[in-house]
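It should be emphasised that the depicted structure is a prediction, and the values quoted were computed from it without experimental measurement. By convention here, the first residue in the shown sequence is residue 1.
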Amino acid sequence: MREKKSIAIIGAGPGGLYTAAHLSQSVGDQFSITMYERYDRIGGQWNAREKTGIDEDGLPVHSAIYPDLQTNATKFLLSNTSFPIPDEYPLFMHHSLYQEYLQMFYDHFHLAKLTVFNSYIEHVAYDRSHKNFHVTVFNTNTRATHNKRYDYVIIASGRCAIPRIPTYEGQETFPGQIIHSKHFRDPSMFSDKRVLVVGTVSAIDIVNLVVLKAVDFKSITLMYRDDVNIMYTAAQGRWSWPGVHLKCSQIKRFQGSTVFFTDETSEEFDLVILGTGYEFKFPFVSKELRARGRYRDVLNDLYLMVIHRRFPNLFYVAADNFFLTGRKIQLQAKVIEQVLTGVLEIPTQEEMEADVDAREVYFSKLSVTAKGFFLAMTNYCVYLSQLTGDKHIFSKEVEGHILMQDLKAFTSDQKSFRELKWQEFEAFYADHGVSTDL
């Protein structure tokens, strides 16, 4: 009997789990699949940990989840169509419920037989002489290092691991703390302080949580850049928290406790929290295998934002910035399946480069506005569904859920949008001619 080709999936968060389930169901009899997970349980980013910085194994803590975090995408977007999130779950879930769902998903598809826990991937390199990948795995329990070879590698480790931390002139003179939002855990750190919170999604969520928890802060300034138009320039005049000031500017420099801004104003603070996003970095992958990318949408080395154009046996899942988690990952897994089985033919290098270049131009034009961002995101998934011939995962009905996100961004109060019920969006959908009968 011919030996099966081998596949390594790195990461057992949503990306790894959804991909492993799809491949085990579709090509599991043809390929040997191993899924590596850094910790002792699945979940990836959703495996919340109280500790920040360096963990008990002497390695960087992966999760950025704080105790009160709720999803900012609906369960319809996060769900996998092969095993939907239970009806009784709220539209926007507490992070522990999504982790609970991922565990149920893992059990339903019997993924334990594929999973190796406590496995920190130290390095992935391509061996040209053997035409396969050399994967170095560090076992955090035994402290032993193992070298494995795989015919295919799927990077599903997520893109919220390495925080983007800008540096500023004079920041070393600041007497208080400057931390990234990844390391935020306790709202009480705002108590009796003048706080500058920089950024967008995480920044707004943190400010909202602090206000809801009635923390006795002195003042909060929520600052965002003047070129961030996804939802925040539309927010001025629509949100109001007692003691919170919205500021459209950027940090210029620090001088002691005083922060000087590019709009020529200055203010004193005791704490600075940077909700400045995450880097497109995969440090465990050798340099030639890394997917380079712009901050927002396009990974320049990935055809269809999945297939490495120079190493077509290497795939990245959910490495882009789109939040259509469940359906997007299913479609990306379908692309991988069709490459593995030869149904989807890999184009020439020139054709792949042309596709990547065109996609970058397309996304850069659309992503400057919220509606454009959602349109680009929708069109990407529609294109993958057409390419793979699998239209049940993503459809015009599903696009309605994206319109819901658009509604959230432009017409609802950011402080309370998670309290809205699905039925409350039906009138909005009817106005846009979108069916809500899913």
Side-chain angles (χ1 to χ4, degrees), residues 52 64-73 92 94-95 163-166 168 171 174-277 370 405 407-420:
T52 63
I65 302 295
Y66 51 85
D68 293 281
L69 183 139
Q70 289 178 279
T71 64
N72 61 5
F92 297 95
H94 186 267
H95 68 82
R164 171 176 276 107
I165 304 178
Y168 304 100
Q171 69 180 52
F174 185 68
Q177 279 186 292
I178 302 175
I179 69 167
H180 192 273
S181 59
K182 178 179 180 178
H183 306 304
F184 171 81
R185 293 293 186 273
D186 186 1
S188 68
M189 71 185 306
F190 279 63
S191 182
D192 200 36
K193 289 185 175 68
R194 301 162 296 179
V195 186
L196 173 63
V197 184
V198 180
T200 52
V201 179
S202 297
I204 292 171
D205 257 1
I206 289 171
V207 170
N208 186 45
L209 174 63
V210 169
V211 174
L212 290 176
K213 292 288 185 180
V215 176
D216 187 21
F217 56 87
K218 287 183 177 178
S219 68
I220 297 176
T221 297
L222 174 59
M223 188 189 74
Y224 55 93
R225 302 193 314 264
D226 57 3
D227 63 338
V228 176
N229 296 317
I230 297 297
M231 64 171 68
Y232 306 98
T233 53
Q236 295 185 77
R238 295 188 182 178
W239 307 333
S240 61
W241 295 277
V244 178
H245 169 62
L246 292 178
K247 186 177 185 65
C248 182
S249 188
Q250 297 185 56
I251 295 175
K252 188 175 183 180
R253 63 185 177 91
F254 286 78
Q255 185 176 316
S257 60
T258 303
V259 179
F260 293 85
F261 300 101
T262 54
D263 63 1
E264 305 304 324
T265 63
S266 63
E267 193 174 342
E268 290 191 346
F269 296 98
D270 306 300
L271 171 67
V272 177
I273 296 181
L274 303 172
T276 46
Q405 295 288 342
L407 173 68
K408 174 204 74 176
F410 280 92
T411 66
S412 89
D413 188 327
Q414 178 73 8
K415 303 192 299 297
S416 61
F417 77 87
R418 292 187 180 91
E419 299 172 6
L420 297 172

* Taking it one step at a time, do Tyr168 and Leu274 satisfy side chain to side chain contact (heavy atoms under 4.5 Å, CB included)? -> CA-CA 12 Å; Tyr168 304 100; Leu274 303 172; 4.2 Å; yes
For Leu209, the side-chain contact (heavy atoms from CB on, under 4.5 Å) test, sequence neighbours excluded, returns Tyr66, Asp68, Phe184, Pro187, Lys213
Glu268 meets the side-chain contact (heavy atoms from CB on, under 4.5 Å) criterion, sequence neighbours left out, with Arg194, Ser257, Thr258
Interatomic spacing from [atom1] in [X] to [atom2] in [Y] - rounded to 0.5 Å:
{"X": "Phe260", "Y": "Lys252", "atom1": "CZ", "atom2": "NZ", "answer": "9.5 Å"}
{"X": "Ile65", "Y": "Arg185", "atom1": "CD1", "atom2": "CZ", "answer": "8.0 Å"}
{"X": "Ile179", "Y": "Met189", "atom1": "CD1", "atom2": "CE", "answer": "3.5 Å"}
{"X": "Phe261", "Y": "Leu196", "atom1": "CZ", "atom2": "CG", "answer": "5.0 Å"}
{"X": "Ser181", "Y": "Ile165", "atom1": "OG", "atom2": "CD1", "answer": "9.5 Å"}
{"X": "Lys193", "Y": "Lys218", "atom1": "NZ", "atom2": "NZ", "answer": "9.5 Å"}

(Q) Is there a salt bridge (Lys or Arg N to Asp or Glu O under 4.0 Å) between Asp263 and Lys247? Walk through the geometry before answering. (A) CA-CA 10 Å; Asp263 63 1; Lys247 186 177 185 65; 2.9 Å; yes
Under 3.5 Å donor-acceptor, His245 side chain and Met223 backbone: no
> Taking the side chain from Thr276 and the backbone from Arg164, do they hold a donor-acceptor pair closer than 3.5 Å?
Replying inline: yes
Report task. Start with the C-alpha gap between Gln171 and Val272, add the side-chain angles, then the distance that decides, and say whether side chain to side chain contact (heavy atoms under 4.5 Å, CB included) holds. Result -> CA-CA 10 Å; Gln171 69 180 52; Val272 177; over 6 Å; no
- request: Would you check if Phe190 and Ile206 make a side-chain contact, meaning some heavy-atom pair closer than 4.5 Å?
  value: yes
_Just so I know, are the side chains of Asp192 and Phe217 near enough to count as touching, which here means a heavy-atom distance under 4.5 Å?_
no
All heavy atoms of Leu222 vs all of Ala203, minimum pair found to be CD1-CB, 3.8 Å
